[in-house]
Number of protein chains: 2
Amino acid sequence: MYYLSRMSTSYTEENYLKAIYKLQESNGETVATSTLAQVMGVHAPSVTDMLKRMAGKKLISYQKSKGFKLTEKGKQVAVDIIRRHRLWEVFLVDKLGFRWDEVHTIAEELEHIQSSPLVDKLDAYLGYPKADPHGDPIPDANGVLPKSRSVLLSSLKAGKAGKFTGVSDHSVSFLNYLDKMGISLGDTIKIKHVEDFDKTYTLELKGKKPAVVSHKVANSLLVIEQ
Amino acid sequence: MYYLSRMSTSYTEENYLKAIYKLQESNGETVATSTLAQVMGVHAPSVTDMLKRMAGKKLISYQKSKGFKLTEKGKQVAVDIIRRHRLWEVFLVDKLGFRWDEVHTIAEELEHIQSSPLVDKLDAYLGYPKADPHGDPIPDANGVLPKSRSVLLSSLKAGKAGKFTGVSDHSVSFLNYLDKMGISLGDTIKIKHVEDFDKTYTLELKGKKPAVVSHKVANSLLVIEQ
DNA sequence: ATATAAAATTAGATCGGTCTAATTTATTAT
DNA sequence: ATAATAAATTAGACCGATCTAATTTTATAT
């Protein structure tokens with residue numbers, strides 16, 4: 001009789017896994033040491049060390065000087081942490097009354113609490129939410145992440161409209177800007193005009209007066225065309 | 001212009017502080033290295049090392065080979081952690097539906113989440129509870145711990161009655177035993193008889209049939225005489 | 001009051017996670 | 001195709017938290 005070494009992941013490993021997962025999602029399959037070092041806020045040799053440890057735990061597959069990617073096991077852990085992060089964000093906003101720009105750092109800590117029953121009960125308590133307060137989809141208990149049908153507002157032609165379902169820029173300053181402009185998740189946004197000269201967008205928001213925003217903003221809003 | 005070095009406490013330090021606080025509460029003012037080593041589940045030299053670090057941060061006052069105790073600052077941190085621990089326990093039981101015997105280990109992790117607004121909002125959300133699910137009092141936001149008027153059931157004479165307000169034994173097995181016996185927080189318990197021979201207690205529980213329990217049990221129940 | 005036992009501390013090592021400096025490997029430009 | 005540049009790794013060190021083994025300090029018993 002033997003154990004299939006449980007060997008649970010450390011706080012730090014979990015943060016690496018999450019970062020690698022997000023990099024793989026956006027920048028293609030394999031990730032570079034330097035990129036990861038940058039997003040983790042550490043120096044390259046620290047990453048190399050950590051990669052070796054994680055490769056030993058079969059969380060990533062790693063070929064010296066050739067980049068690396070998550071194994072299935074690593075992906076599972078990463079998705080689970082993302083699930084917890086987003087569920088806690090919902091809790092902080094819906095139940096405790098935090099604003100959507102305040103919850104990220106607190107959830108960064110809460111996501112590491114080790115207890116499956118806790119996560120499952122939290123999920124149920126929140127009513128099995130499909131998305132976090134920024135519109136990011138929440139993986140289900142089996143690690144299945146519903147794929148989003150939303151696109152960047154900037155990809156829509158003038159005259160088209162979409163329902164605002166999420167942001168691609170999660171910075172506090174951008175979230176505050178949206179609050180100030182009165183643009184909220186769920187709003188229907190119609191593109192009245194795109195200025196050819198500087199790509200400025202004039203938007204129509206139902207029941208609000210038209211807003212003029214930069215291309216950068218239109219490029220940070222996720223919508224479902226309607 | 002200079003900073004008053006913020007130097008926040010580590011996860012491990014917080015656990016030491018909590019343990020020292022509890023030892024000081026029950027075993028008088030100064031604590032011994034060996035005692036602390038035992039409750040922390042580490043060996044004595046580890047404690048000595050940690051004491052030096054914490055003394056450097058002015059969290060404890062420490063005289064080599066003479067025992068040690070918390071400074072005011074150390075006491076503040078300890079009480080704050082106890083506050084968080086107990087608030088999270090209330091959340092886990094009242095909101096998520098955990099049983100009172102399941103919440104301790106999860107709260108041991110949650111108590112270290114660093115965010116005062118989080119704790120304050122949680123407190124408000126829970127309705128400013130005065131006690132955790134085991135009847136332990138919750139310090140308020142200023143670190144004031146309401147002193148309890150409760151006594152051990154075993155200190156009451158036969159014929160007297162008390163309201164069951166807390167336990168002095170927090171073990172899962174004892175909590176399960178109470179569940180099995182149908183003894184719950186808030187119950188009024190009357191001592192019908194104390195057997196001289198073996199100190200067995202016969203208890204009357206309102207609306208339930210009499211229960212016979214050992215002295216050990218009577219010595220683990222906290223009541224307010226009425 | 002001194003020997004013995006118990007408690008506490010020091011010395012030296014390990015582990016995870018990080019660093020800097022030096023070196024090796026891979027990529028790019030001419 | 002080779003030199004120059006960029007990226008990655010190795011080597012060696014540090015810090016916090018722990019360990020074991022050895023030593024010192026304090027308490028206890030006769």
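Order of the sequence lines sets the chain letters (A, B, ...), proteins ahead of strands, with each chain counted from 1.
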Can you tell me how far [atom2] of [N] sits from [atom1] of [X], to the nearest Å?
X: A/Leu59; N: C/dG16; atom1: CG; atom2: P; result: 14 Å
X: A/His43; N: D/dC14; atom1: NE2; atom2: C1'; result: 15 Å
X: A/Tyr11; N: C/dG17; atom1: OH; atom2: P; result: 13 Å
X: B/Tyr16; N: D/dG16; atom1: OH; atom2: C1'; result: 11 Å
X: A/Phe68; N: C/dT25; atom1: CZ; atom2: C1'; result: 16 Å
X: A/Gln38; N: C/dT18; atom1: CD; atom2: P; result: 16 Å
X: A/Lys66; N: D/dT9; atom1: NZ; atom2: C1'; result: 14 Å
X: A/Gln63; N: C/dA26; atom1: CD; atom2: P; result: 11 Å

Who pairs with B/Ala131 by side-chain contact (heavy atoms from CB on, under 4.5 Å), at least two apart in sequence or on another chain?
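Partners of B/Ala131 under the side-chain contact (heavy atoms from CB on, under 4.5 Å) test: none.
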
Please tell me which of A/Glu13 and A/Lys64 maps to the more 5' nucleotide of DNA chain C, matching each residue to the nucleotide holding its nearest heavy atom.
A/Glu13

Within the structure, does a side-chain N or O atom of [X] lie under 4.0 Å from either OP1 or OP2 of [N]?
X: B/Ser34; N: C/dA8; value: yes
X: A/Thr12; N: C/dG16; value: no
X: B/Tyr62; N: C/dA8; value: no
X: A/Ser10; N: C/dG16; value: no

Establish, from distance only, whether the side-chain atoms of A/His85 and A/His104 form a donor-acceptor pair under 3.5 Å.
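A pair is found: one side chain offers a donor N or O, the other an acceptor, under 3.5 Å apart.
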
Determine whether the side chains of A/Asp198 and A/His215 contain a donor N or O and an acceptor N or O closer than 3.5 Å.
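No pair is found: no donor N or O on one side chain lies under 3.5 Å from an acceptor on the other.
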
Aromatic plane relationship, B/Tyr177 with B/Phe174 - under 30° parallel, 30 to 60° tilted, over 60° perpendicular
parallel

Closest approach to the side chain of B/Val42, judged atom by atom: which nucleotide of D/dA8, C/dA8, D/dT18 is it?
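When the side chain of B/Val42 is considered, D/dT18 is the closest of D/dA8, C/dA8, D/dT18.
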
Considering only residues two or more places apart or on different chains, which pairs with a residue in residues 126-138 of chain B satisfy salt bridge (charged side-chain N to carboxylate O under 4.0 Å, His left out)?
B/Arg86-B/Asp132

Polar side-chain atom of B/Glu25 near backbone of B/Lys22 as donor-acceptor pair, under 3.5 Å
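No.
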
Out of B/Val79, B/Leu23, B/Leu17, B/Leu59, which residue meets the side-chain contact (heavy atoms from CB on, under 4.5 Å) rule with B/Leu70?
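Result: among B/Val79, B/Leu23, B/Leu17, B/Leu59, B/Leu17 is the only option passing the side-chain contact (heavy atoms from CB on, under 4.5 Å) with B/Leu70.
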
Under 4.0 Å, heavy atom to any atom of DNA chain D: which of residues 44-55 of chain A qualify?
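Result for residues 44-55 of chain A: A/Ala44, A/Pro45, A/Thr48, A/Lys52, sorted by number.
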
